[in-house]
A.B. asks: 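Below you'll find the structure I mean.
Atoms within each ligand, like the ligands themselves, are counted from 1 in listed order. Positions are given from 1 along the sequence. The analysis underlying the following values was restricted to heavy atoms, covering all of them including side chains, and did not include hydrogens, waters or symmetry mates. Computed from a predicted structure; not experimentally measured.
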Amino acid sequence: TKSTRPQRLLKAVQKHSTRGDPQSVISAIDHFCRHREWAMNVGDEKGSILDSVVSELNPEKVLELGTYCGYSTVRIARLLPPGARLITLEFNADYAAIARQVIAWAGLEDKVQLVEGASGDWIPRMKEHFGIETFDFVFLDHWKDRYLPDTKLMEDCGLLRKGTVLLADNVICPGVPDYLEYVRNSLSYKSCYFKSHLEYTKAEDGLEKSVFLG
Ligand SMILES: Nc1ncnc2c1ncn2CCOCCNC(=O)c1cc(-c2ccc(F)cc2)cc(O)c1O
Ligand SMILES: [Mg+2]
């Protein structure tokens, strides 16, 4: 039977990168997506912005909503200090199976916990199931109509603290208008927009960085 795009992306990683070398995994995925098949990774341009936000923050507890093939998981985890933990939620079992292999190939499995399931189901269980008090950094890259409800859910579950940083992908394309309106107008957030492009294309897209003020 025909392979899937995530399966072909994994093959490209295993063929064109070095096991245990996260940077080579990132480069192999970017090359595959730019020259073979487009895929919905955050990509190299927005990925550099993600890197700078993570490096500046040095977070201990990270939540990623939407793993896909693990590209942004690898980008974030490779920058985390020893002992820091990244929990990443993926709804699609096929994507999750590929992401586990990409993360393992990069040698980052000790820093990453991939959980299969819907964000709405797992966010309320973070404290009791993972012993997480609050998150330092959240990367939103899942269903665009879940950004706002899940942000409100994280607030209600007490998972955000004064200074927690939310970074949202795709705020222009596909777009998250309700989420943008909320974080830009709420007195509980200090928000700013990083203009960029949709991964591997010339279309406009960007990341919204929002600091929770408590
Ligand atoms: N744990 C969870 N809970 C709930 N839902 C979950 C979940 N885990 C996954 N999901 C489901 C959805 O995950 C993927 C979401 N990402 C995108 O859809 C996406 C689309 C484009 C895109 C596509 C086509 C264009 F023409 C232009 C742009 C670009 C991007 O950068 C995107 O990120
Ligand atoms: Mg995205």
A.B. asks: Any chance you could measure K61, atom NZ, to E133, atom CD, to the nearest 0.5 Å?
C.D. replies: 10.0 Å
A.B. asks: Is the terminal nitrogen or CZ of R146 (NZ for Lys, CZ for Arg) located under 6.0 angstrom from the six-membered ring centre of W143 and within 45° of that ring's axis?
C.D. replies: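 The answer is no, since R146 fails at least one limit relative to W143.
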A.B. asks: Is there a polar contact between ligand 1 and K144, counting only N or O atoms under 3.5 Å apart?
C.D. replies: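 Such a contact does occur with ligand 1.
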A.B. asks: Which residue supplies the protein heavy atom nearest to atom 9 (C) of ligand 1, what is that atom called, and how far is it?
C.D. replies: E90 OE2, 3.3 Å
A.B. asks: Taking atom types as modelled, is there a side-chain donor on Y200 or D44 under 3.5 Å from an acceptor on the other?
C.D. replies: no
A.B. asks: Is it the side chain (CB and beyond), the backbone, both or neither of L89 that lies under 4.0 Å from ligand 1, heavy atoms counted?
C.D. replies: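 Within the 4.0 Å criterion, L89 contacts ligand 1 through backbone and side-chain atoms alike.
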A.B. asks: Tell me yes or no: between the side chains of S72 and E64, is some donor less than 3.5 Å from an acceptor?
C.D. replies: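 Yes, because at least one side-chain N or O of S72 sits under 3.5 Å from a partner of the opposite role on E64.
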A.B. asks: Using distance alone, determine whether N92 and ligand 1 share an N or O pair under 3.5 Å.
C.D. replies: no
A.B. asks: Are D205 and K202 close enough for a salt bridge, meaning some N to O gap below 4.0 Å?
C.D. replies: no
A.B. asks: At distances under 2.8 Å, what protein N, O or S atoms surround the Mg ion (ligand 2)?
C.D. replies: D141 OD1, D169 OD2, N170 OD1
A.B. asks: Compute the ring centroids of W122 and F91, then answer whether they are less than 6.0 Å apart.
C.D. replies: no
A.B. asks: Mind jotting down which residue pairs meet the salt bridge (Lys or Arg N to Asp or Glu O under 4.0 Å) criterion with at least one end in residues 190-199? Sequence neighbours excluded, please.
C.D. replies: K46-E199, K195-E204
A.B. asks: Which of the numbered atoms in ligand 1 are under 4.0 angstrom from any heavy atom belonging to G66?
C.D. replies: 8 (N)
A.B. asks: With rounding to the nearest 0.5 angstrom, report the CG to CD distance, D51 to E56.
C.D. replies: 12.5 Å
A.B. asks: Give the atoms of ligand 1, by number and element, whose distance to some non-hydrogen atom of G117 is under 4.0 Å.
C.D. replies: 1 (N), 2 (C)
A.B. asks: Would one find an N or O of L198, backbone or side chain, under 3.5 Å from an N or O of ligand 1?
C.D. replies: no
A.B. asks: Please say whether W38 places an N or O atom under 3.5 Å from an N or O atom belonging to ligand 1.
C.D. replies: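 For ligand 1, there is no N or O atom that lies under 3.5 Å from one belonging to W38.
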A.B. asks: Considering only non-hydrogen protein atoms, determine which one is nearest to atom 3 (N) of ligand 1 and report residue, atom name and distance to 0.1 Å.
C.D. replies: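 Protein heavy atom with the smallest distance to atom 3 (N) of ligand 1: S119 N, 3.0 Å.
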A.B. asks: Rounded to the nearest 0.5 Å, what separates atom CG in L89 from atom CG in D141?
C.D. replies: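 These two atoms lie 12.5 Å from each other.
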A.B. asks: Please determine if R184 and E208 form a salt bridge, counting it only when a charged side-chain N lies under 4.0 Å from a carboxylate O.
C.D. replies: yes
A.B. asks: Among all protein heavy atoms in this structure, tell me which lies nearest to atom 4 (C) of ligand 1, with the distance rounded to 0.1 Å.
C.D. replies: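 It is W143 CE3, 3.2 Å.
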A.B. asks: Flag atom 25 (C) of ligand 1 as yes if some protein heavy-atom distance to it falls below 4.0 Å, otherwise no.
C.D. replies: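 Under 4.0 Å from atom 25 (C) of ligand 1, zero protein heavy atoms found.
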A.B. asks: Between K152 and Y182, is NZ or CZ placed under 6.0 angstrom from the six-membered ring centre and within 45° of the ring axis?
C.D. replies: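 Positive - K152 is close enough to the ring of Y182 and near enough to its axis.
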A.B. asks: Any non-hydrogen atom of E199 lying under 4.0 Å from ligand 1?
C.D. replies: yes
A.B. asks: Nearest protein heavy-atom contact for atom 14 (C) of ligand 1: which residue, which atom, what distance?
C.D. replies: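 Scanning the protein heavy atoms, the shortest distance from atom 14 (C) of ligand 1 goes to M40 CE, 3.7 Å.
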A.B. asks: Are V138 and L79 connected into the same hydrophobic cluster when the rule is that any two of I, L, V, M, F, W, Y join if their side-chain heavy atoms are below 4.5 Å apart?
C.D. replies: no
A.B. asks: Using distance alone, decide if ligand 1 has a nitrogen or oxygen within less than 3.5 Å of any nitrogen or oxygen in N41.
C.D. replies: no
A.B. asks: Could you check whether the rings of H35 and H31 sit parallel, tilted or perpendicular, using 30° and 60° as the cut-offs?
C.D. replies: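 Ring orientation, 0 to 90° scale: tilted.
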A.B. asks: Kindly indicate, with the supporting measurements, whether the criterion side chain to side chain contact (heavy atoms under 4.5 Å, CB included) is fulfilled by N170 and Y147.
C.D. replies: CA-CA 11 Å; N170 309 118; Y147 283 30; 3.8 Å; yes
A.B. asks: For atom 33 (O) of ligand 1, find the nearest protein heavy atom and state the residue, atom name and distance (0.1 Å precision).
C.D. replies: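 Looking only at protein heavy atoms, the one closest to atom 33 (O) of ligand 1 is D141 OD1, 2.8 Å.
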A.B. asks: Answer yes or no: does an N/O atom from A118 fall short of 3.5 Å to an N/O atom of ligand 1?
C.D. replies: no
A.B. asks: Who's closest to atom 6 (C) of ligand 1 heavy-atom-wise, of W122, Y68, F91, Y95?
C.D. replies: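 Heavy atom nearest to atom 6 (C) of ligand 1 belongs to F91.
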A.B. asks: Near N170, which atoms of ligand 1 are under 4.0 Å from a heavy atom of that residue?
C.D. replies: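 The atoms of ligand 1 under 4.0 Å from a heavy atom of N170 are 29 (C), 30 (C), 31 (O), 32 (C), 33 (O).
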A.B. asks: Look up atom CD1 in I172 and atom OG in S196, then write down how far apart they are to the nearest 0.5 Å.
C.D. replies: 11.0 Å
A.B. asks: Which one holds for D169 and ligand 1: side chain close, backbone close, both close, or neither close, with close meaning a heavy atom under 4.0 Å?
C.D. replies: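 It is the side chain that gets close, since no backbone atom is under 4.0 Å.
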